[in-house]
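Here is the structure we will look at, set down as structure tokens.
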Amino acid sequence: MPQLILLRHAHALPVEQGKRDIARQLSERGRQEAAAAGAWLAQYHPSLDYVLCSPAQRTRRTAERVLSALRDPPNLHLAAEIYDATATQLLALLADEHFHKGAVLLVGHNPGLTSLLRLLVEGGMPSPRVMPTASLALLELSGALKPGGARISAFWTPPSGD
């Protein structure tokens with residue numbers, strides 16, 4: 001059964017004056033959240049086939065920390081389309097050649113990830129109503145990647161997630 005794992009980036013520092021949002025770095029809290037997310041993923045889903053990540057600094061650093069906890073992590077593939085994407089745009093991206101029958105990790109941002117989770121999951125969202133920083137949603141797909149075609153098999157949030 002195909003699996004999709006959604007990971008929201010860990011807590012990031014505010015935008016520095018004169019810098020762009022895409023350049024925001026992880027905070028110390030974010031580094032701890034990402035490490036905890038990696039430890040959880042290594043225990044409950046240690047094998048991934050493909051990782052698709054936003055090019056933003058905070059998503060890349062989150063993904064790197066999470067993947068470093070896995071024994072044999074796949075390469076990180078950056079996709080500019082993830083940054084500031086809507087649920088429909090993320091679904092289209094995943095339905096493209098990136099999605100296959102293995103375990104795919106998508107590392108991105110809110111509100112797009114929460115909207116995608118709501119779109120994909122039959123019966124609606126788990127608690128909390130949004131994906132906090134560094135949270136992971138493990139989805140089992142019933143076949144094709146489509147609205148309402150998934151169920152949540154696990155949902156993890158770091159203690160400090162917001």
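Throughout, residue positions are numbered sequentially from 1 according to the sequence presented. Fair warning: this is a prediction, and the values are worked out from it, not measured in the lab.
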Classify the ring geometry between Y50 and H77 as parallel (under 30°), tilted (30 to 60°) or perpendicular (over 60°).
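Y50 and H77: parallel rings.
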
Near E16 CD, under 6.0 Å, is it more than 12 heavy atoms from other residues, nucleotides or ligands?
no

Close side-chain approach of [X] to [Y], heavy-atom, < 4.5 Å:
X    : Y    : value
L136 : F155 : no
V51  : V66  : no
L48  : H45  : yes

Linking Ile, Leu, Val, Met, Phe, Trp and Tyr by side-chain heavy atoms under 4.5 Å, what else ends up with V15?
none

Other members of the hydrophobic cluster containing L13, with the 4.5 Å side-chain heavy-atom rule, please.
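Same cluster as L13: nobody, lone residue.
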
Is there a donor-acceptor pair under 3.5 Å between the side chain of [X] and the backbone N or O of [Y]?
X   : Y    : value
R8  : M131 : yes
T62 : A10  : yes
T59 : C53  : no
Q89 : T86  : yes
D49 : V104 : no

Just verifying a value: how many Å separate [X] [atom1] and [Y] [atom2], rounded to the nearest 0.5 Å?
X    : Y    : atom1 : atom2 : value
L106 : L93  : CG    : CG    : 7.5 Å
L52  : L105 : CG    : CG    : 9.0 Å
R65  : L26  : CZ    : CG    : 7.0 Å
S54  : L7   : OG    : CG    : 11.5 Å
L113 : L117 : CG    : CG    : 8.5 Å
H109 : I82  : NE2   : CD1   : 7.5 Å

Spell out, yes or no, whether [X] and [Y] are grouped together once hydrophobic residues are joined by side-chain heavy atoms under 4.5 Å, including indirect joins.
X    : Y    : result
L141 : V121 : yes
L145 : L6   : yes
L91  : Y83  : no

Shortest non-hydrogen separation from [X] to [Y] and the atoms involved:
X    : Y    : answer
Q3   : E140 : NE2-OE2, 2.9 Å
H11  : S27  : ND1-OG, 2.7 Å
A63  : V107 : CB-CG2, 4.0 Å
A150 : L139 : CB-CB, 4.2 Å
R118 : V130 : NH2-CG1, 4.3 Å
W156 : A36  : CH2-C, 3.7 Å

Evaluate the criterion side chain to side chain donor-acceptor pair (under 3.5 Å) for residue pair H9 and T133; output intermediate values, then yes/no.
CA-CA 6 Å; H9 66 78; T133 56; over 6 Å; no

Name all pairs fulfilling the salt bridge (charged side-chain N to carboxylate O under 4.0 Å, His left out) condition that reach into residues 51-60, sequence neighbours left out, sorted by first residue then second.
D21-R58

